[in-house]
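Lettering of chains follows the sequences in order, A, B, ..., and the numbering in each one begins at 1.
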Number of protein chains: 2
Amino acid sequence: MPSKATSIDIAYRAGVSQSTVSRALRNSPLVNLETRQRIQAIAKELNYKVDKNASNLRTQNSHTLALLICEDPTNDDSMINPFFLSMLGSITRATARQGYDLLVSFQQLSSDWHADYEDSNKADGIILLGYGDYVDYAHKLEKLLQQNTHFVIWGAEHNNKSVLSIGCDNHQGGMLATQHLLNQNRKTIAFLGDSSSHSPEFRDRYFGHCEAIKAKGFLVNKALQIDAISTESSGFDAANALLDKNIPFDAIFAASDLIAIGALRALKKRGVQVPEDVAIMGYDDIPIASFANPSLTTVKQNTQLAGEILVECLLKLIRGQEVSPMLIPTNLVVRQSCGSQLKS
Amino acid sequence: MPSKATSIDIAYRAGVSQSTVSRALRNSPLVNLETRQRIQAIAKELNYKVDKNASNLRTQNSHTLALLICEDPTNDDSMINPFFLSMLGSITRATARQGYDLLVSFQQLSSDWHADYEDSNKADGIILLGYGDYVDYAHKLEKLLQQNTHFVIWGAEHNNKSVLSIGCDNHQGGMLATQHLLNQNRKTIAFLGDSSSHSPEFRDRYFGHCEAIKAKGFLVNKALQIDAISTESSGFDAANALLDKNIPFDAIFAASDLIAIGALRALKKRGVQVPEDVAIMGYDDIPIASFANPSLTTVKQNTQLAGEILVECLLKLIRGQEVSPMLIPTNLVVRQSCGSQLKS
DNA sequence: CTGAAAGCGCTTACAG
DNA sequence: CTGAAAGCGCTTACAG
């Protein structure tokens, strides 16, 4: 097998200098059109591809982005949060559309995940995805900032204003969800999900939830908020804990679809009818949501748009352009788990 | 901000030559232990990272693998087959464990997807994933072979023996599924899934299915096989087409869970009880399977193991070691959709 | 419009 | 054990 063709091989065949080959392949108008075409034809024939290592080394950028998905260490190893997978899909596509490659890596929150992609010149910037413990996160972000790494983070706005965060409007989403439940005449709505600063996304959803309740003139009962992380089993446990409290409630707003599905299982097991006895509202609109029984009414995060915006903002950051944090609006997807009709 | 440190900076600080720095950082026993440690300490302090572009250019390998996920163009854009996502997770982990990075790309089957990762020295090898149309595939694989690209392909064994394929044993899986249905006293089992050479994985499952039926002394009724690709809506359509035939049947073996879930929806809509009237068997054991109602009995493909084996074989290929195609055994996951007890 | 030359930051024979 | 030097394959000022 002939070893890989280089620009010198092409130069030789075309009877020009290697510099001219390089220019021609980058389609520089500097080189004579005819020569350019001839060179490009030869390159194609030899199946020549520019060596990225060489060109990246020379130009000092990699045309590659890195995506770090930070998994909750408590998560089942094999089951990645479907919401992230959906984001992964849209980020991959958006990256490709911009002519960049994407390096993907899953990281345990516990590990030393800044992962050095940019330091080692493998990526021009990093996208961070993860429902992790934000307090844990913080000092790692600090380090990234110190190192002048280009990165964007998916999620709630960060207290550190230098961190560029892109996320869906969790506060608005939380309001939307609870307003819908209230409109269905539910009066006592439990919230399943961590409400501490450890998961600011869940917390913002909770705050939106509370605001909707207050706006209706009701009181927020703190006993109806049960911590849960975004897994089915955590949702199952949280719903059981809620039931064990023996406080009456007629609706559950779960901070994620996975939690909602776990809660659904717990309620069924205890003989509680959904949505007749208790309405369940999810969050995310992951594919499973529409297959649940009853199908899950939920707040949809537009992952398609989110992926595009993440990539776009990261590229701006890399190019040194102005960017500011963005909040993407969410919308309600009404299915069956909250009842489809207004009750009276 | 100081620009990125290079090995020369470290050499300067350590009072040694750049060559020695390079050796020390690769932990070469050639350099004096004390010197080595001193250099490593300085590197750490300066937050130095080897420039991958430079080292890759020099060594002519990238320590990177590429994963190409070939999507069925008919697939809903936003909904990637969950089975692939699960594979993606395990491949990412396996790759990281081997000290390699992973470049991920989604490709429409129609596009020019050999994607040149290896040609441009961005990756040392490629993993191909996709329930695509294999006939379409074939000539692209041919091209990869011609170019001497290192690649492994997930799926059925390929007629071209030079193509290294790793896959679950679809024939055995198909037998397993149908044997279980027969053991549940089902006698007329429909198969939903393409049975042509266009999707050899489905075809092998179908052949396994047929073999189980014949082993039982029953006859295979070709009218009970309906084409479907691996999407929920295709399963829905196929089940409707099956019902429209007005041939009685008491079980469906769907070539994938997604098809099974679509079929489930169709049956429910027509008032057919599952599993009382019709049992449904899926394939893959994607996360949704356990949340379906009734939960789906299915054939599990061990994605964890599969990812590891794919990566391992690809690395062997890259290193020029001996490798042969592998068939990974599947196992049955019994849930509720086929009835949990033997009927008599 | 084209070529000769420098240089990106490494690794690794070669010489000592 | 260490250093001087070559060279991986490009891109791009510089000169013409």
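- Side-chain contact of A:S90 with A:T303: a donor-acceptor pair under 3.5 Å is absent, judged by distance alone.
- Rounding to whole angstrom units, CG of residue B:N53 and P of D:dC10 are separated by 13 Å.
- One can place CG of A:L57 at 17 Å from P of D:dG7, the figure rounded to the nearest angstrom.
- D:dC10 atom P lies 11 Å from atom NZ of A:K52, rounded to whole Å.
- In this structure, the side chain of B:T59 engages the main chain of B:S55 through a donor-acceptor pair within 3.5 Å.
- Side-chain proximity of B:Q60 to the nucleotides C:dG9, D:dG9, D:dA4 is greatest for D:dG9.
- Within the structure, every pair that satisfies the salt bridge (charged side-chain N to carboxylate O under 4.0 Å, His left out) test and touches residues 304-321 of chain A, not counting sequence neighbours, is listed here: A:R97-A:E308.
- B:K49 places its NZ atom 12 Å from the P atom of C:dC10, with the value rounded to the nearest Å.
- Residues satisfying the side-chain contact (heavy atoms from CB on, under 4.5 Å) test with B:T95, not counting sequence neighbours, are B:L65, B:I91, B:Y100, B:L102, B:V311.
- One interatomic measurement links the two molecules: CG of A:D9 to P of D:dG9, which rounds to 9 Å at whole-angstrom precision.
- The nearest whole Å value for the distance from the CD1 atom in B:I10 to the P atom in D:dT2 is 16 Å.
- What separates CG of B:N61 from P of C:dC10 is a distance of 16 Å, to the nearest Å.
- Not a single side-chain contact (heavy atoms from CB on, under 4.5 Å) links B:A96 to another residue, sequence neighbours left out.
- With no hydrogens or angles considered, a side-chain donor-acceptor pair links A:N27 and A:Q40 at under 3.5 Å.
- Between A:T35 and C:dT2 there is a side-chain N or O to OP1 or OP2 distance below 4.0 Å.
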Exercise for review: Both distances under 3.5 Å, Watson-Crick or G-U wobble: on that basis, could you give the dot-bracket string for DNA chain C, with [ ] for crossing pairs and | for other-strand partners?
Suggested key: |||.||||||||.|||

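- Judged by distance alone, with hydrogens and angles left aside, the side-chain atoms of B:R36 form no donor-acceptor pair with the main-chain N or O of B:L25 at under 3.5 Å.
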Practice item. List the protein contact pattern of nucleotides 11-16 of chain D with one symbol per nucleotide (5' to 3'): B for base contact, S for sugar-phosphate-only contact, - for none; contact means a heavy-atom distance under 4.0 Å. Key: BBBB--

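- Residues passing the side-chain hydrogen bond (donor to acceptor under 3.5 Å, both in side chains) test with A:T92: none are found, sequence neighbours excluded.
- Atom NZ of B:K122 and atom P of D:dC10 are 15 Å apart (whole Å).
- A donor and an acceptor atom, one from each side chain of B:D124 and B:S62, are located under 3.5 Å apart.
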